[in-house]
Amino acid sequence: MPRPDSHPTEYAERVLDIVERIPPGRVMAYGDIAELLGEGGPRQVGTVMAVWGGGVPWWRVIRADGTPAPGLEVRARSHYAAEGTPLRPSGRVDMAAARWEGPDPSEAV
DNA sequence: GCAATGACTGGTA
DNA sequence: TTACCAGCCATTG
C-alpha cells in the first residue's frame, strides 16, 4: 500500500469523495465503491481507507457481510447507534436495508 | 522481476 | 454460526 506520508492519489480522492457522499444511516461495501468507480478492487478501496480514511465517515464503509473493519467495530457501533443505521440481531449492519447504491444521477456534479 | 502484504469477497466445510 | 481457502489487484521491499 502507499506510504502514509505520501499525498492522496487521484484514485484515493475519488474513493474519499464517495465515502463523504454516503448519507447517514447508510453504508457501502468496499467492493461496491470499487465497482462504482469502475477501477481497482475492494483491496485498493480498503487500502485507501486505511491510509487516508481518517478524514471521512469511514464507519459507513464496511465489508460485504456487514462487519466493520477489524479494530474499529466498537467505534463503528457507537456511530451506527447515533445515526440509526439498520442493524441485524447479530449486531452487524443490515446490508439488505442499509446498503447505499451510490449518489443519484440528479446529484451528479 | 519476484515474493509478500493488506480496512476484501465468495464459496465450501 | 465460525474457519479456512483461493482469487483478486496495486503497492512495497
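Letters A, B, ... are given to chains in the order of the sequence lines, protein chains preceding strands, and every chain is numbered from 1. The model shown is predicted, which means the values in this text are computed figures rather than measured ones.
Distance from the side chain of A/Tyr30 is smallest to B/dA7 among B/dG10, B/dA7, C/dC9. Considering only side-chain atoms of A/Arg92, the nucleotide from B/dA7, B/dG6, C/dT1 that sits closest is C/dT1. The side chain of A/Ala50 lies closest to B/dA7, out of C/dA10, B/dA7, B/dG10. Comparing C/dT1, B/dC8, B/dG6 against the side chain of A/Ser90 picks out C/dT1 as the nearest.
Distance CE (A/Met95) to P (B/dG10): 9 Å, rounded to an integer number of Å. Between the CZ atom of A/Arg63 and the P atom of B/dC8 there is a distance of 5 Å, given to the nearest Å. Between the CD atom of A/Glu10 and the C1' atom of C/dA10 there is a distance of 16 Å, rounded to whole Å. The distance between atom CD1 of A/Ile22 and atom C1' of B/dA7, rounded to the nearest whole Å, is 13 Å. In this structure, CG of A/Leu37 is placed 20 Å from P of C/dC8, rounded to the nearest angstrom. One can place CD of A/Glu39 at 16 Å from C1' of C/dC8, the figure rounded to the nearest angstrom. When the P atom of B/dC8 is taken as reference, atom CG of A/Asp65 falls 10 Å away, rounded to whole Å. One atom, CD of A/Glu35, and another, P of B/dG10, lie 10 Å apart when rounded to the nearest Å.
For a distance-only test at 3.5 Å, the side chain of A/Arg43 fails to qualify as a donor-acceptor partner of the base of C/dC9.
Among residues two or more places apart in sequence or in another chain, the salt bridge (Lys or Arg N to Asp or Glu O under 4.0 Å) test is passed with A/Glu39 by A/Arg14. Not counting sequence neighbours, the partners of A/Asp17 by the salt bridge (Lys or Arg N to Asp or Glu O under 4.0 Å) test are A/Arg21.
Residue-level contact check: A/Ala29 touches the backbone only, with heavy atoms under 4.0 Å from sugar-phosphate atoms and none from bases.
Few gaps surround CZ on A/Arg26; more than 12 heavy atoms of other groups in view lie less than 6.0 Å from it.
For the atom pair A/Gln44 CD and A/Thr9 OG1, the distance stands at 10.5 Å (nearest 0.5 Å).
With A/Tyr80 contributing its side chain and A/Trp59 its backbone, the two residues share a donor-acceptor pair below 3.5 Å.
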